[in-house]
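A short write-up of the structure that comes next.
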Amino acid sequence: MSEQGIGELLSTVTADEIREWNRDHKQRGLVDKVTSPKEAVQKYIKDGMYLAIGGFGHIRISMPLIYEMVRQRIGRLRVSGHTAVHDLDVLIAGDCVDAVDVAYSFAYETRGLSKNGRRAVESGRVKCVEWTNAALSWRIKAAAMGLPFLPARNMLGSDTFKYSAARTIECPFTGQKLVALPALMPDVSIIHVHYADRFGNCLVRGTLVKDDDLAKASKRVLVTAERIVPDSFFRDAPERTTIPYFCVDAVIEAPFGSHPGNMPYEYYFDEEHIREYMKAGRDEEQLKAYLEKYVYSVDDFEAYLDLIGMRKLNSLRRLEELR
Amino acid sequence: MSEQGIGELLSTVTADEIREWNRDHKQRGLVDKVTSPKEAVQKYIKDGMYLAIGGFGHIRISMPLIYEMVRQRIGRLRVSGHTAVHDLDVLIAGDCVDAVDVAYSFAYETRGLSKNGRRAVESGRVKCVEWTNAALSWRIKAAAMGLPFLPARNMLGSDTFKYSAARTIECPFTGQKLVALPALMPDVSIIHVHYADRFGNCLVRGTLVKDDDLAKASKRVLVTAERIVPDSFFRDAPERTTIPYFCVDAVIEAPFGSHPGNMPYEYYFDEEHIREYMKAGRDEEQLKAYLEKYVYSVDDFEAYLDLIGMRKLNSLRRLEELR
Amino acid sequence: MSEYTPVELMATVASHQLEDGRTVGVGTGLPMIAALLAQKTHAPNLIILFEAGSMAPEVPTLPISVGDSRCSHRAVAATGLAGIMETGQRGMIDYAFLGGAEVDMYGNINSTVIGDHDHPKTRLPGSGGANDFGSLSWRTIIIARHEKDKLPERVNFITTPGYIDGSGARERAGLPRGTGPYRVITNLALMGFDKETCRMKLISVHPGVTLQQVIDNTGFELLIPDDVGTSALPTKEELERLREIDPAGIIIGR
Amino acid sequence: MSEYTPVELMATVASHQLEDGRTVGVGTGLPMIAALLAQKTHAPNLIILFEAGSMAPEVPTLPISVGDSRCSHRAVAATGLAGIMETGQRGMIDYAFLGGAEVDMYGNINSTVIGDHDHPKTRLPGSGGANDFGSLSWRTIIIARHEKDKLPERVNFITTPGYIDGSGARERAGLPRGTGPYRVITNLALMGFDKETCRMKLISVHPGVTLQQVIDNTGFELLIPDDVGTSALPTKEELERLREIDPAGIIIGR
C-alpha cells in the first residue's frame with residue numbers, strides 16, 4: 001500500500017500542465033533578451049510565486065536579482081531550499097518568504113547556523129516542508145523531463161519522508177518499494193552563470209548543482225552572467241552549452257554577480273562581508289540597518305559593488321586563484 | 001490495470017543487482033587502463049553478452065572494437081539497436097548477433113535499407129524486440145540512475161509497445177497512465193570518443209546521443225579515442241568531462257576509429273567504402289569476401305587503415321571541414 | 001512557372017506547413033529538405049531539433065543522417081536522444097516531421113514490419129525516434145507515397161500512433177492531450193484530419209492531379225470536404241533554394 | 001607523543017576508517033578534514049565526491065562549503081547534485097561521511113529539528129545531502145559529540161535513517177540492501193554496530209578516556225563487547241598533515 005508524507009505540496013503540476021505552459025509561454029525563436037534586474041523582477045516575479053535559485057546557496061548565486069526582489073519588496077514567496085544559504089537568508093531578512101521546501105536551509109555550512117533564518121522558522125513566520133538535496137534535484141529533473149514524478153531510493157524510512165509530500169510506489173517489474181517524488185515546476189528561477197549570449201545560451205563552469213535541469217523545469221528563467229559573449233561562443237562548440245537559449249526569459253550582465261558568494265574560477269567568498277551580514281542577523285534592528293545600507297539605499301547592483309569597492313573585489317579574484 | 005508488452009526482456013536487472021555489480025566490479029582508483037582492441041575484446045567480451053554501442057550507428061562508432069569482435073568470432077550477442085546502422089550491420093555480417101532490441105536497425109538512413117540486416121531478420125536468424133530511440137535511452141538512463149525503471153509518455157497506444165517488454169503504470173500523484181521502461185544494464189558497451197586520458201576520463205564533442213548515461217549504466221565500458229590526452233586536460237576544466245574515469249574499464253587510442261563512419265569535427269563519412277560494403281551485403285559470398293579482405297586478413301585496425309590509405313583519410317578530414 | 005518534380009512539389013507543400021518561430025523535430029530525407037527550405041523562405045527563425053541531440057543548427061549541406069556532423073553544425077547546443085525527447089515530452093516541440101512506409105486513415109504510421117512481426121515479409125528499420133516525436137510533439141506532419149497499399153485502412157503495425165482508432169483514443173492510451181497527426185503530404189495531395197472523427201480529410205489536390213486519382217490511390221474512404229483546393233505550385237525561388245539544399249539531387253532527384 | 005586536541009583525535013580516528021582506492025561522499029566540516037587527512041596519509045587514492053557535483057578533486061586549501069571552488073579544484077569531472085547522488089544510487093559510493101546534531105542507538109541521525117516539527121525549539125539545517133548519502137552509500141560513518149542528549153535512545157527526528165528500529169528495517173523501508181551505519185566517531189570513543197541487533201556497539205575508547213565516562217555520556221545502553229580496545233593516538237605525521245589542511249584551525253581548533 002502506498003505511504004505518503006504529511007507535508008504540504010507547495011507547488012503542484014501535472015505532466016499536461018507542464019506541456020501546456022511550455023507550449024503557450026516559452027519563446028522558441030532567437031530573440032535578444034538582455035535586460036536589467038529591475039525590469040526583469042518587475043516583469044517576471046510576483047508576490048506568492050514559487051522561486052528556485054541556481055548555484056549552491058553561497059556559491060554562484062544571483063545576488064543582483066535577490067537584492068532587487070528585496071528592494072521591490074516582493075512578498076510571500078515559496079522557495080526551494082536545496083542548499084539555500086545566503087541567497088535564502090537575504091530574502092528572509094527582506095521578509096520576502098512564507099515557506100521553504102527545505103533540504104539545507106537557515107545555515108552557513110562551516111560558519112554555523114543563521115540567527116535570522118532560525119528566528120523566522122522558530123517564530124512560525126516561515127513554514128517548512130522537508131526534502132533532501134537529491135529529492136529536490138530529482139523533483140526538478142522530473143519537470144525538466146516532462147514527467148509527473150520520478151522514482152528514487154532515498155528518503156525511505158525517515159521522518160524526512162514523513163514531513164515531505166512524497167509517496168511510495170512499487171516497481172512494476174520487481175515489486176520493489178520506491179519513493180515517488182512529485183515534479184517541481186518553479187514559477188520562476190534565477191540562475192547566475194559564467195557566460196551567456198543575448199539569446200540566453202549559457203555556460204556554467206565547475207559544478208552545475210542542478211541548474212541545467214532547473215532551467216528546463218521552470219516557468220520563467222532569469223539569468224545573470226559574469227559576461228555576455230557572442231553566440232558564436234556556443235555555436236563553435238555546442239557541447240559546452242549548459243542551458244539552451246529557449247529555456248531563458250531574461251539575460252542580465254552582472255560581473256561579480258555572486259558577491260559576497262563564491263564564483264568558481266572568478267572570485268572567492270567575501271568572508272568579511274558575510275561576517276558583517278551574519279552579525280547583523282543576530283538582531284532585527286541591525287539587520288534592517290544592513291538592508292538599508294546595502295539594498296534599499298542603493299539604486300542597483302553596480303552601486304552596491306561601489307560600496308564594496310574595487311580593492312576588495314580584486315582581492316577576491318586573487319584569493320580564488322590561490323595567489 | 002497494468003498492460004504489458006509481449007516482447008522478451010533481453011536483459012534483466014534489479015536495482016540492487018545494479019548496485020552490487022558496481023560495488024564488486026568497478027574500479028574506483030585512478031589506474032592506467034590503456035590497452036589494445038585485441039586484449040580488450042579477449043578480456044571483456046564473451047559469447048552471449050548484451051552489447052551496446054556508443055554514437056549513432058554510423059557516426060562516432062567504435063570500429064576497432066567491432067572489427068575485433070568479428071575477427072575473434074564473438075557469437076550470440078544481444079544488441080541495443082538505438083539507431084544501429086553500420087555498427088550492427090557489420091556484427092550481423094560477422095554472424096555475431098542473435099537478437100536486437102530494435103529502435104532503428106537494418107538500414108542506412110538516406111542510403112536505404114540493408115540487404116544483409118533484412119536477410120538476417122527475415123530468415124529468422126536474428127530476433128527482434130521493439131523499442132524506440134527514446135525508450136532505449138531512458139532504459140539506459142534508469143540503470144545509470146540506479147533505478148529499476150523510468151516512467152515516460154512515449155510508446156503508449158502503439159504496436160511498438162505491444163512487441164516490447166514495457167508495462168504501463170499509474171502516476172501515484174495524478175493517476176495519469178504512463179509507460180514504465182525497465183532499466184537496461186548492458187554487459188558491455190563500446191564507445192568512441194574524441195579525447196580520453198589513460199584513466200578513462202572522456203570528452204565527446206558534438207551530439208552525445210546517450211553515451212554519458214551508457215557509460216554509467218554498463219557493466220563494462222571499453223573506450224576508443226581519437227587521441228589520448230594528459231589528465232590535466234580534464235582537471236583544468238572539469239565541466240567538460242563527458243564520462244568520468246571510474247565508469248571505464250579499458251582505453252584504446254584509435255585515430256580514425258569511426259571509419260567508414262563520420263566523426264564530428266574530425267572526418268566525414270567514407271561514402272565510397274560504405275557503398276562498397278552495402279553492395280557486398282546484397283550477397284552472402286560477396287559479404288564474406290569483404291570481411292576476408294578488411295577484417296580477417298588484417299592484423300589490427302591500423303593495418304585496416306593502411307588498406308583505406310592516407311590519401312582517402314585526409315580527404316575525409318577536408319570533407320568534414322567543408323573545404 | 002518552372003518545371004518541378006513530384007518530390008520537389010512535396011517538399012514545397014510540406015515546407016508551407018511549418019510556422020516561423022516554432023520548433024520542429026525532423027527525420028531523415030524529405031522532412032529534412034522541407035524544414036531547410038522553410039528556413040530559407042518564409043520561416044528563417046524555424047528551430048530545428050535533430051534526435052541525436054542537435055538544437056538549432058545551421059545545416060551547411062545536406063546531411064546523410066539526422067545524427068551526422070552536418071546536423072550539429074554550429075548548433076546552439078548539443079545534447080543527446082534523451083535531451084531532445086525530454087524537450088518534446090515537456091511540450092517544447094511544436095512539429096514532428098516524419099516519413100513512413102504505411103499511413104492509415106487515423107494517421108497511424110508503420111515503419112517496422114510488413115507481415116507477421118516474428119516472421120516478417122519485409123523488415124523495416126523500426127521506430128527510431130518516430131514514435132517518440134509522434135507521441136510527444138504537438139503536431140505531427142507525415143510524408144508518404146500516395147498508393148493504395150501505402151495508405152491502407154489499417155497499417156500492418158502501429159509503429160507511431162496517430163489517432164489510433166478514433167476520437168479520444170490517444171488520451172485514453174495515456175498520450176499527452178492535444179497532440180496528434182496534423183498533415184499528410186503525398187505525391188498527389190495535402191491532407192489533414194477531421195476534428196470530430198479524427199479521420200484523414202483532403203485539404204488540397206496537387207496541380208495536375210484529379211480528385212478521382214486521389215480517391216483511386218487511397219486504400220480507405222478519404223473524407224472529402226466541399227472546399228477542396230489546389231496545392232500551391234512551387235515558386236521559382238523555392239525551386240532555386242531546393243536545388244541549393246540538395247545540389248546533387250540525392251533526395252529531390254528521387 | 002605530540003599534544004593534540006580532541007577534534008584532532010576525532011579526525012585521525014575517522015581518517016583510519018577510510019580505505020584506499022574507495023569512494024567517499026563527504027559532508028561539511030570534520031568529515032572533510034578526515035577525508036583529506038586520509039588522502040595525505042594511508043589512502044592517497046581515496047576518491048572524494050562532494051554533493052554539489054565534484055568528482056575526485058585535488059582540494060588545495062580547506063573549503064568553507066562542500067560546493068565551493070576549493071571542492072571542485074582540479075576535479076576530474078564536475079556534475080551536479082543529481083549526478084553525485086545517482087552515482088550513489090547505482091552503488092558507486094562506498095562511504096558516506098556525515099555529521100549530526102543527534103545520533104541514536106540504531107545510528108539514525110537528526111539534523112532537522114529539536115522539538116515539534118511545526119513549532120520547533122531549535123530549527124537545524126535539515127537533510128542537505130545527508131539523507132541521500134546515508135540512504136544510498138554502502139557504509140555510513142558518523143561524527144558526533146559524545147553527550148547524553150546528543151546520543152539519545154531515539155532521535156527527535158530521523159533526518160537520515162540508520163537501522164531505523166533494528167534488523168531488516170532498512171530493507172523493509174525500501175532502502176538498498178546491504179547498506180547502513182558503519183562507524184560512529186565521538187570525542188570519547190569509536191563505535192560500530194552489532195550485526196544481529198543493529199545496535200551501536202563500542203569498538204575502542206580514546207586514550208585517556210575511561211569506559212565509565214563513555215557509558216555515563218551515552219543516552220542509551222551501549223553494547224560493550226569483551227575486547228574493547230584503545231583508539232590509536234594521532235601520530236606526529238598525522239598532526240602535521242592536519243595542521244597543513246587547516247592551518248588557521250577553523251575546524252580542528254574548535
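Throughout, a chain's letter reflects where its sequence line sits, starting with A, and its residues are numbered from 1.
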Pick whichever of [options] has the most heavy-atom pairs under 4.5 Å with chain A.
options: C:Gly83, C:Ser54, C:Ala56; result: C:Ala56
options: C:Asn45, C:Leu46, C:Asp20, C:Thr79; result: C:Asn45
options: C:Ile47, C:Thr179, C:Ile93; result: C:Ile47
options: C:Ala75, C:Gly21, C:Pro57; result: C:Ala75

Could you check whether [Y] and [X], counting side-chain N and O atoms only, form a donor-acceptor pair closer than 3.5 Å?
X: A:Glu226; Y: A:His192; value: yes
X: C:Thr23; Y: C:Asp94; value: yes
X: C:Asn131; Y: C:Ser135; value: yes

A:Tyr195 vs A:Phe233 aromatic rings, parallel, tilted or perpendicular, using cut-offs 30° and 60°?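 Correct class here is tilted.
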Which one wins on heavy-atom pair count under 4.5 Å against chain C: A:Arg23, A:Gln27, A:Lys216?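 Of the options given, most contacts go to A:Arg23.
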I'd like to verify something: which residue of A:Met185, A:Glu20, A:Glu239 has the highest number of heavy-atom pairs under 4.5 Å with chain C?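 Of the options given, most contacts go to A:Glu20.
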Counting only non-hydrogen atoms closer than 4.5 Å, does [X] touch chain C with its backbone (N, CA, C, O), its side chain (CB onward), both, or neither?
X: A:Phe246; value: both
X: A:Asn201; value: side chain
X: A:Ala143; value: backbone
X: A:Ala144; value: backbone
X: A:Ser232; value: both

Any donor and acceptor pair, going by atom type alone, linking the side chain of A:Arg235 with main-chain N or O of C:Arg74 inside 3.5 Å?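 Checking the backbone N and O of C:Arg74 against the side chain of A:Arg235, a donor-acceptor pair under 3.5 Å is found.
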Heavy-atom cut-off 4.5 Å, strictly under: side chain, backbone, both or neither for C:Met55 against chain A?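 The answer is the side chain of C:Met55.
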C:Thr87 portion near chain A, given a 4.5 angstrom heavy-atom threshold: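 Just the side chain, heavy atoms under 4.5 Å.
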Between C:Arg241 and C:Glu237, is the closest basic N to carboxylate O distance under 4.0 Å?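 Yes, C:Glu237 and C:Arg241 are salt-bridged.
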Thinking salt bridges, do A:Arg198 and A:Asp32 make one under a 4.0 Å N-O criterion?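 Looking at A:Asp32 together with A:Arg198, the answer is yes, because their closest N to O distance falls below 4.0 Å.
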